[in-house]
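Working notes for the structure below.
These figures come from a predicted structure and were not determined experimentally. Below, chains carry the letters A, B, ... as their sequence lines are ordered, and counting in each starts from 1.
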Amino acid sequence: MQGAMWQAVRAARAGRSYGTRAAIPATLIMGDGIGPEISEAVMKIFSHAGANIDWEPVEVTAQPPDEGRLLPPAIYESFNRTKIGLKGPLGTPIGKGHMSLNLAIRKEFDLYANVRPAISLPGVETIPYRGVDVVVIRENTEGEYSGIEHQVVPGVAQSIKLITRKASLRIAKFAFDFALQNDRKTVTAVHKANVMKKSDGLFLECCDEVSACYPKGINFRKETIDNVCLWLTQSPEKLDLMVLPNLYGDIVSDLCSGLVGGLGLTPSGNFGDEAAMFEAVHGTAPDIAGQDKANPTALLLSGVMMLRHLGMTREGN
Amino acid sequence: GKRTRLEGKGERERMNGGLLRAVRLGSRTGVARATSQWGYRGLSVSAPRCDDVHRVTLMPGDGIGPEIVSSVMGVFQAAKVPVEWSIHRPADGESTFKMDDALMSIARNQVCLKGPLHTKIGKTGDLSRNHVIRRSLNMFANVVPIKSRKGIPSRYDNVDFVIIRENTEGEYSGYEQHVTPGVVQSFKTITEWASLRIANYAFEYAVRNNRKKVTAIHKANIQKISDGEFLKACRAVAEKFPQIEYNEMIVDNMCMQLIMNPHQFEILLTPNLYGSISTNCGISLVGGPGVVPSATFGTRGDAIFEPGGRHVGYDIAGRDLANPLGMLFASVEMLRHLKLDQKANLIENSIDAVLSTGSKKSLTCDLGGNAKTSDFTEALIRRISESL
């Protein structure tokens with residue numbers, strides 16, 4: 001597998017033929033399970049499409065606790081330099097005691113905005129939903145995923161959800177900027193502030209403040225997570241762009257993936273102020289790994305998002 | 001001691017005072033003690049009825065609540081259902097007396113039919129009235145049957161599963177604090193005993209209702225300790241019921257699976273927030289929030305019946321547009337709980353008959369028809385009167 005990986009990288013580098021633009025270096029995390037085969041497919045397709053990317057493959061596995069950091073040094077070295085990455089699926093063990101590697105990457109590089117467009121693909125049957133076109137923007141660094149948990153006494157567990165003004169303002173601004181740049185008409189802030197008055201209340205307050213700074217052409221509204229789930233499953237055309245805290249974003253983005261055909265077809269991008277990592281959000285599918293069965297569409301569409309982000313719109317299209 | 005303040009007052013006042021104090025303090029054991037010790041049902045505030053009429057607490061609620069509740073009252077009258085309503089309207093932001101009265105009434109009657117109660121959104125404000133009811137009376141199990149029904153248009157057919165949701169803790173614990181300006185913490189609490197309680201309830205429900213599979217919903221890959229506690233309890237109970245298949249599913253995957261393949265589920269066993277999300281996804285699979293009933297059960301055997309969506313519907317309130325089906329089906333469940341099966345079947349069969357006409361006049365606007373709430377209710381009452 002190691003040899004095949006390097007062969008693919010050399011082939012991709014050799015495929016570089018357009019001299020008009022220097023190759024853009026990008027970190028490539030192939031991932032586990034079906035990750036390597038779909039990454040190979042993407043590299044092949046990109047080189048044939050003339051997308052001039054200089055891939056830097058990095059292997060990411062959980063480091064032992066005494067190393068201090070969960071992620072290997074190679075990823076820091078590469079990504080801090082390239083600032084652009086494409087990532088395959090990384091396995092998250094349940095109950096192993098360390099943070100998910102996907103989560104660790106987002107936290108370490110402060111990739112605070114997760115963008116998941118869910119757009120019905122022509123030719124893909126997703127009866128009974130057609131013509132779905134929503135974008136989910138999810139705050140990626142705090143909320144319920146702060147990782148702060150403890151056993152108060154045996155039998156009583158507490159998990160802390162952290163909402164900060166800084167992160168909420170940041171994600172709200174990102175969402176409105178995205179709406180402006182991508183011609184989105186309505187931004188919906190999703191919350192559960194009737195129950196979690198202070199935390200989701202703070203999130204809503206920040207969204208309110210940011211919405212006041214943007215032109216009236218972008219409608220802003222606030223809806224509970226219950227209503228949003230209801231609308232998405234009943235009439236997804238009611239929604240356009242949604243901005244959500246971490247957990248609700250995770251749930252709603254997967255719900256939207258279901259509307260358009262599943263995780264195998266949805267792209268995803270994680271954006272920070274300086275860097276961006278695009279990833280396939282499906283699992284590692286170890287049961288079909290190595291059998292030439294995996295669907296590379298999700299990783300490919302994420303790669304297309306990456307090309308558009310880099311300004312390589314022609315190749316992306 | 002406790003008695004001294006109430007000395008000189010009558011038996012009724014002493015007893016009511018004890019229960020009232022327990023309810024105000026949110027003391028579950030206090031409520032249980034007060035109502036069991038004094039043989040409460042026999043010493044109710046109003047004179048006990050000796051003619052097999054069931055006294056039921058009725059809370060019309062906010063928004064569309066009063067309209068759909070009056071629909072039920074009209075239907076019950078037409079069907080000659082032996083139920084006497086004890087109506088309570090505890091408004092948000094008012095003093096606690098009205099809420100205390102409502103809680104005492106539910107504790108006394110042990111059955112309640114409830115419309116949706118609105119909770120204001122704001123950083124400060126009273127605790128949600130729904131939450132006060134559930135915590136005071138320990139209403140721990142919310143059961144929402146998601147079932148496709150003939151005559152109700154929906155995107156999916158033959159969906160049939162039940163969501164059993166833990167209703168007292170989890171994200172709804174209500175503990176939040178400002179750590180520093182601009183940083184807020186919200187505490188999600190999961191306890192072993194509440195998780196064991198709901199898991200036991202779910203598996204026993206499965207056995208009673210001939211269900212073969214229970215799926216526990218969690219996010220233990222991220223919230224390892226809290227949802228881990230929930231899963232530990234579910235697994236422990238699953239071992240005691242080897243005849244029921246048990247599996248686990250992460251909440252985001254569950255949402256996706258509900259859309260892509262809802263027929264794989266039989267019982268979804270969820271903590272509080274994930275239950276709310278799965279309920280809202282589930283109800284739109286079978287017709288929407290106007291159609292699905294729900295029941296919430298407490299440790300003492302109290303039961304609260306309400307529409308499954310718990311949506312207040314301020315946008316359509318007062319315009320005779322609300323769909324009364326959710327409340328009607330909830331009242332049918334209530335009649336079955338009261339062992340009034342004949343009346344329950346009468347009403348349910350009449351509803352099926354009205355829906356099966358297939359005309360737009362028998363569906364409210366949320367289901368694509370043009371019937372008003374009152375039109376549908378009148379059609380149903382006519383049907384019931386013909387059957388009697």
Quick one: of [options], who has the most non-hydrogen atom pairs under 4.5 Å with chain A?
{"options": "Q177(B), K232(B), K219(B), H131(B)", "value": "K219(B)"}
{"options": "E169(B), M254(B), Q223(B)", "value": "Q223(B)"}
{"options": "G170(B), S284(B), P181(B)", "value": "S284(B)"}
{"options": "D227(B), T279(B), V184(B), T189(B)", "value": "V184(B)"}

Identify which part of [X] has an atom lying under 4.5 Å from any heavy atom of chain A, answering side chain, backbone, both or neither.
{"X": "H311(B)", "value": "side chain"}
{"X": "N130(B)", "value": "neither"}
{"X": "L273(B)", "value": "side chain"}
{"X": "Y274(B)", "value": "side chain"}

Shortest non-hydrogen separation from [X] to [Y] and the atoms involved:
{"X": "M256(B)", "Y": "D254(A)", "result": "CG-O, 3.4 Å"}
{"X": "L202(A)", "Y": "G182(B)", "result": "CD2-O, 3.8 Å"}
{"X": "R155(B)", "Y": "P128(A)", "result": "NH1-O, 2.6 Å"}
{"X": "L230(A)", "Y": "P289(B)", "result": "CD2-CG, 3.7 Å"}

Does any N or O in the side chain of E149(A) come within less than 3.5 Å of the main-chain N or O of I225(B), such that one atom is a donor and the other an acceptor?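 At least one qualifying donor-acceptor pair exists.
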
Begin with the C-alpha distance, continue with both residues' side-chain angles, and end with the deciding distance and a verdict on side chain to side chain donor-acceptor pair (under 3.5 Å) for H118(B) and N194(A). CA-CA 9 Å; H118(B) 176 63; N194(A) 46 348; over 6 Å; no

Between [atom1] of [X] and [atom2] of [Y], what distance do you get to the nearest 0.5 Å?
{"X": "L258(B)", "Y": "L255(A)", "atom1": "CG", "atom2": "CG", "value": "8.5 Å"}
{"X": "K197(A)", "Y": "S186(B)", "atom1": "NZ", "atom2": "OG", "value": "12.0 Å"}
{"X": "H178(B)", "Y": "S199(A)", "atom1": "NE2", "atom2": "OG", "value": "9.0 Å"}
{"X": "H150(A)", "Y": "S226(B)", "atom1": "NE2", "atom2": "OG", "value": "10.0 Å"}
{"X": "S276(B)", "Y": "I225(A)", "atom1": "OG", "atom2": "CD1", "value": "8.5 Å"}

With side chain to side chain contact (heavy atoms under 4.5 Å, CB included) as the criterion, how do I251(A) and I277(B) come out once you've worked through the C-alpha distance, each side chain's angles and the decisive distance to 0.1 Å? CA-CA 9 Å; I251(A) 293 171; I277(B) 291 169; 3.5 Å; yes

If I measure from the heavy atoms of chain B, does [X] come under 4.5 Å with its side chain, its backbone, both, or neither?
{"X": "K192(A)", "answer": "side chain"}
{"X": "Y248(A)", "answer": "side chain"}
{"X": "E144(A)", "answer": "both"}

Checking R310(B) against D226(A) for the salt bridge (charged side-chain N to carboxylate O under 4.0 Å, His left out) test, could you report, in this order, the C-alpha distance in whole Å, the side-chain angles of both residues, the deciding distance, and whether it holds? CA-CA 10 Å; R310(B) 297 175 175 173; D226(A) 302 337; over 6 Å; no

Taking atom OH of Y314(B) as the centre, does the number of heavy atoms from other residues, nucleotides or ligands within less than 6.0 Å exceed 12?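 Counting neighbours around OH of Y314(B), more than 12 heavy atoms of other residues, nucleotides or ligands fall under 6.0 Å, so yes.
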
I would like to know whether E229(B) and V156(A) meet side chain to side chain contact (heavy atoms under 4.5 Å, CB included); could you show each step before the answer? CA-CA 8 Å; E229(B) 192 73 54; V156(A) 179; over 6 Å; no

Among L232(A), L259(A), V260(A), exactly one meets side chain to side chain contact (heavy atoms under 4.5 Å, CB included) together with I259(B). Which residue is that?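 One option only clears the test, and that one is L259(A).
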
Exactly one of D250(A), L263(A), V281(A), L247(A) should register a side chain to side chain contact (heavy atoms under 4.5 Å, CB included) with D252(B). Which one does? D250(A)

If the condition is side chain to side chain donor-acceptor pair (under 3.5 Å), which residues does H263(B) pass it with, not counting sequence neighbours? none

Taking heavy atoms only and a threshold strictly under 4.5 Å, list by residue number the residues of residues 159-168 of chain A that touch chain B; give 'none' if the list is empty.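 Hits under 4.5 Å: S159(A), I160(A), K161(A), L162(A), I163(A), T164(A), R165(A).
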
